[in-house]
Trainee: 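Got a structure for you, questions after.
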Amino acid sequence: MLTDPPSFHTFLNMRPLALLLALAAFLGLAVASDTSGGGSSSDAATAAQLTPPGFNVPSADVTKAGESIKFESDINRLMTLIINSLYKSKEVFLRELISNASDALDKIRFLSLTDPSKLETNPDLKITIVASKADNTLTISDAGVGMTKDELRNNLGTIAKSGTADFLKSFENNNNGSASDLIGQFGVGFYSVFLVADSVTVVSKNNAGEQYIWESTSENDFKLVKDPRGNTLGRGTQIVMHLKPDAAEFLEPARLSGLVKKYSQFINFPIYLWSVKTVEEEVPDLDDPNADLAPNDDDVEDKTKTITREVADWELLNENKPIWTRPPSTVSNDEYNEFYKSFFRDAVNPIAHNHFKAEGEADFRSILYIPTNPPAKFLQADEPINKNVKLFVRRVFITDEIAGLLPRWLSFLRAIVDSDDLPLNVSRETLQNHVVFKLIRKKLVNKAIDMIVKLSESDPEAFKAFYKKYRSAIKFGIIESKGFAKKLVKLLRFETSGPTELTSFDEYIGRMKKGQPQIYYITAADGKTAKSSPFVEKLVARGYEVLFMTDPADEYIGQSADLKKALGFPLQHVGKAGLKFGDEDEKSEAAVTKLTEEYKPLIDWLKTKLEANVQEVRVSTQLTSSPSAVLASQMGLSPSQERLYAAQVGDRDDPMFNFYRSQKRIFEINPAHPIIEGLLSKVKAGKQDEVDSVPYVLFEATSIASGWEPRDTKLFLTEIDRALRRTIGIDVAKEAAVQVEPAPEKDDKDDKDDKDDKDGKGSEATAAKDGASAEEQDEEVEEEADLFGGHDEL
């Protein structure tokens, strides 16, 4: 319990009851009062019980005789600016005052390193907060360095040495309309008190001077007077705010406690709140007539009653310690996990963390966490603004609404960033466009990638769980953050036709065949679809490995020039033209040429029949078991790209979408397949009419197998229907004989009923009819009851 011992002079002037209470406080006992209504304590004594030991604020009469000093001529403009423009929320006043108090405590502690006697006047380095609803005041005190009379005049009376006029000029001349980095130049944080207070009284005592009182209402002047009470602080500063009517919320202990824990829980010095709580307890009932009987009388039962008491004591608000200020070697993994769950309010441990201190051009400390689960709607168009990065300056929370400190693809990270010299604007909430900010961002991104790379190397199972949930983030990072592609590419994993479930590019390259010039991949909805694609048949049969890319972002990954540069090999979509095996020679080229000549009649006929859909028909070197395949041109859209484009455009009438979709494709035929051999025989025999519909059906069926959508679904189904008829031996022109019974037409009566229903008449008539029916039913029940001898017998 935190108490300040009263002086001997104070004891001499106390009434007996107050003296006992003060003695109890001096001995470290909790002060309490009986509020059950049965006690005899006066209101004054009760108030004394609930007042912090040693707490003393100046009365309103103290400064009446003080020296009245005019503010600078522009003070009204300045106060209006501070109160209405520089701060987003009134609650920041508490953060500003506690930060100032912490700075004062830091300063006296620093001075005591060379002269320990400076602490003797008030050795208990702390910050206290006392809210008085009776007086409508909020008081914040510290045992810091304090201020002399001249310092009170200079620091609080002239805003800052630069002057009010200079401050206003700097604000008004700012190009972007905000007061960038003015807090460091003008020290106006104290004046945030006028966000919530009509007037403020500052009592301060420095070791080098007397105790003085400064008082102002933020209007035209302030008063400065020597404290007639003498030295009540020992050393330090006390700020008494007389709150505005709309600031009553800041007298509530829960509200104050919440603000301290939000903004200042990691301040180096203890912060105490004087808290009054109501408790219940059982006490002997002195009004009981048996209360005077002998205590050893077993036949008499002791009676008790419940009373309520108000117990007041100091409550420590900042018990949590900033673990990021400690060396990483001194923090255990359990401590990191518990801190994460407590600070970020997560129920499960993070996947990994990275604790580091950056030095050089930008000095800051940080802890990065990877949560087990990504945020809701992560990387979606309607993704809400998250508050995952907490920015501190010298352990004082500034904001968690930071735009741009982490790129969007890393916005799933939970992070703490604590800088000692980050430039801020007056509100300490909006970062200016400063080189330090950019350096911090770059360092955070590099450290985040290092953390993920380390996870992939040290714990493959944990990385597998991470990749399942966050692979889209890695891929978007390659697309959006060009400078980090070389590092991020090492984190990519894909399904494959090879021996492993998931493989990296490095592992794939290590298994490439001799002379293989490209990295082969195919995009599809899932691995099963990719594996059954006709494009991979020949590659797999020959022992080549194909990567299965199943995410929408993979379409962009495959075309990334940065990826090609990082890997040293080009990526080749096996569903597009341009695939090379690397072992082509004159013999294999001659074989293809020979087959092309052999199948030239079929190729020419197919070109004619499919002229609207294909730009080229050729003999395939990729197919084994499929009769044909439909490929995109080297610069055309793959099936997955076409679907992705359609989803993004959202309008099938979009000119660009229709342009890409109407591009002609490449139709490859497998010369070893029976269907192709049969078609060649028909063409050579001049019996093309017998297989007239086969080219279109084969092309569209192959397109579907290759991942495309039919360009004309109705036409395709019509051709399938004709092919089935011919196979079964049915006339292709014969239509289905279906008896269709027409729906009944309305007559005049129906039209009149509809009009009545619309006007409500029909409903009334129906209700009346239902009512009549209900009455008739009741009469029938009564008749039956009479018949059987009454309701009870029934």
Side-chain angles (χ1 to χ4, degrees), residues 351-352 354 368 370 374 378-379 406-413 445-512 516-531 533 536 539 544-576 638 640-641 644:
I351 296 175
N354 190 5
L368 300 173
I370 301 175
F378 177 55
L379 290 181
L406 282 175
R408 186 178 173 217
W409 58 275
L410 278 179
S411 61
F412 65 88
L413 293 175
V445 174
N446 275 307
K447 288 293 185 178
I449 296 174
D450 291 344
M451 170 175 58
I452 302 171
V453 170
K454 182 179 179 181
L455 179 67
S456 69
E457 296 171 349
S458 61
D459 193 343
E461 286 302 315
F463 178 76
K464 185 178 178 181
F466 161 82
Y467 193 77
K468 183 178 181 181
K469 296 179 179 179
Y470 295 104
R471 63 183 184 277
S472 295
I474 304 301
K475 294 171 183 178
F476 275 102
I478 293 175
I479 297 168
E480 295 179 359
S481 300
K482 304 292 185 181
F484 301 103
K486 191 172 182 179
K487 282 189 172 184
L488 291 174
V489 72
K490 296 180 180 297
L491 300 173
L492 293 175
R493 300 291 187 272
F494 300 101
E495 293 183 66
T496 173
S497 63
T500 59
E501 182 181 357
L502 289 175
T503 189
S504 67
F505 275 118
D506 286 344
E507 292 169 337
Y508 178 95
I509 291 171
R511 295 191 294 265
M512 287 174 68
Q516 182 179 337
Q518 300 166 325
I519 295 174
Y520 306 130
Y521 76 95
I522 185 171
T523 55
D526 52 62
K528 184 178 179 180
T529 303
K531 197 170 186 178
S533 171
V536 304
L539 290 161
Y544 289 101
E545 184 175 358
V546 182
L547 298 177
F548 301 153
M549 298 188 176
T550 56
D551 287 334
D554 291 335
E555 289 288 355
Y556 300 99
I557 292 293
Q559 300 175 55
S560 172
D562 292 327
L563 198 62
K564 175 182 176 182
K565 186 177 179 181
L567 295 173
F569 290 92
L571 276 75
Q572 174 60 46
H573 193 303
V574 298
K576 289 186 177 183
S638 69
S640 297
Q641 280 178 302
L644 184 61

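Not measured: the values here are computed from a predicted model. By convention here, the first residue in the shown sequence is residue 1.
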Trainee: Looking at side-chain heavy atoms only, is the closest gap between Met512 and Phe569 below 4.5 Å?
Mentor: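 Side chain of Met512 against side chain of Phe569, heavy atoms only: contact under 4.5 Å found.
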
Trainee: Go through the steps to decide whether Tyr520 and Tyr544 satisfy the test ring-ring contact (aromatic ring centres under 6.0 Å, His included), and finish with yes or no.
Mentor: CA-CA 8 Å; Tyr520 306 130; Tyr544 289 101; 5.7 Å; yes

Trainee: Starting at CD1 of Ile557, measure out to CD1 of Ile479 and round the result to the nearest 0.5 Å.
Mentor: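 These two atoms lie 4.5 Å from each other.
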
Trainee: What verdict does the side-chain contact (heavy atoms from CB on, under 4.5 Å) test give for Gln572 and Ile519, after you've listed the backbone C-alpha separation in whole Å, the side-chain angles of each residue and the deciding distance to 0.1 Å?
Mentor: CA-CA 6 Å; Gln572 174 60 46; Ile519 295 174; over 6 Å; no

Trainee: So Leu488 and Ile452, do their side chains get closer than 4.5 Å, heavy atoms only?
Mentor: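 No, their side chains stay 4.5 Å or more apart.
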
Trainee: If a pair satisfies ring pair (Phe, Tyr, Trp, His ring centres under 6.0 Å) and one of its residues is in residues 471-501, list it, with sequence neighbours excluded.
Mentor: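 The answer is Phe494-Phe505.
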
Trainee: Under 3.5 Å, is there a donor-acceptor pair linking the side chains of Ser497 and Glu545?
Mentor: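 No, no side-chain donor-acceptor pair sits under 3.5 Å.
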
Trainee: Check whether any side-chain heavy atom of Ile474 sits under 4.5 Å from a side-chain heavy atom of Leu492, and report yes or no.
Mentor: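 Yes, side chains in contact.
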
Trainee: If the condition is side chain to side chain donor-acceptor pair (under 3.5 Å), which residues does Asp506 pass it with, not counting sequence neighbours?
Mentor: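 Per chain and number, Asp506 pairs via side chain to side chain donor-acceptor pair (under 3.5 Å) with no residue.
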
Trainee: Just so I know, are the side chains of His573 and Ile522 near enough to count as touching, which here means a heavy-atom distance under 4.5 Å?
Mentor: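 Yes, close enough: below the 4.5 Å cut-off.
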
Trainee: Side-chain contact test, heavy atoms from C-beta onward, threshold under 4.5 Å: evaluate it for Thr503 versus Arg493 and give yes or no.
Mentor: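 They are not in contact (no side-chain heavy atoms under 4.5 Å apart), so the answer is no.
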
Trainee: When you look at NZ of Lys487, are more than 12 heavy atoms from neighbouring residues, nucleotides or ligands closer to it than 6.0 Å?
Mentor: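 Correct, the count exceeds 12.
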
Trainee: Do the side-chain N and O atoms of Asn354 and Lys454 include a donor-acceptor pair separated by under 3.5 angstrom?
Mentor: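 Checked: Asn354/Lys454 side chains show no N/O donor-acceptor pair below 3.5 Å.
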
Trainee: Answer yes or no: is there a side-chain heavy-atom contact under 4.5 Å between Phe463 and Leu491?
Mentor: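 Yes, side chains in contact.
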
Trainee: Between Leu502 and Glu495, is a side-chain contact (heavy atoms from CB on, under 4.5 Å) present by the stated rule, with each step listed?
Mentor: CA-CA 5 Å; Leu502 289 175; Glu495 293 183 66; 4.1 Å; yes

Trainee: Please work out which of the three classes, parallel, tilted or perpendicular, describes the rings of Phe466 and Phe412, given edges at 30° and 60°.
Mentor: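 Rings of Phe412 and Phe466: tilted, 30 to 60°.
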
Trainee: Taking the side chain as every heavy atom from C-beta outward, state whether Met549 and Leu571 have any atom pair closer than 4.5 Å.
Mentor: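 Side-chain contact under 4.5 Å: yes.
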
Trainee: Check for a donor-acceptor pair, side chain of Ser481 on one end and backbone N or O of Ile478 on the other, with a separation under 3.5 Å.
Mentor: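 Here the side-chain-to-backbone pair does not exist.
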
Trainee: Is it true that a side-chain atom of Ser504 and a backbone atom of Glu507 form a donor plus acceptor pair closer than 3.5 Å?
Mentor: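 At least one qualifying donor-acceptor pair exists.
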
Trainee: Counting C-beta onward and ignoring hydrogens, is there a side-chain heavy-atom pair between Val445 and Pro407 closer than 4.5 Å?
Mentor: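 A side-chain contact exists here, since the closest heavy-atom pair is under 4.5 Å.
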
Trainee: For residues 457-467, which residue pairs pass the side-chain hydrogen bond (donor to acceptor under 3.5 Å, both in side chains) check, not counting sequence neighbours?
Mentor: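 side-chain hydrogen bond (donor to acceptor under 3.5 Å, both in side chains) check on residues 457-467 returns Lys464-Glu501.
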
Trainee: Hey, does the side chain of Asp526 reach the backbone of Lys528 with a donor-acceptor pair shorter than 3.5 angstrom?
Mentor: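 Indeed, once roles are kept as given, a pair shorter than 3.5 Å links the two residues.
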
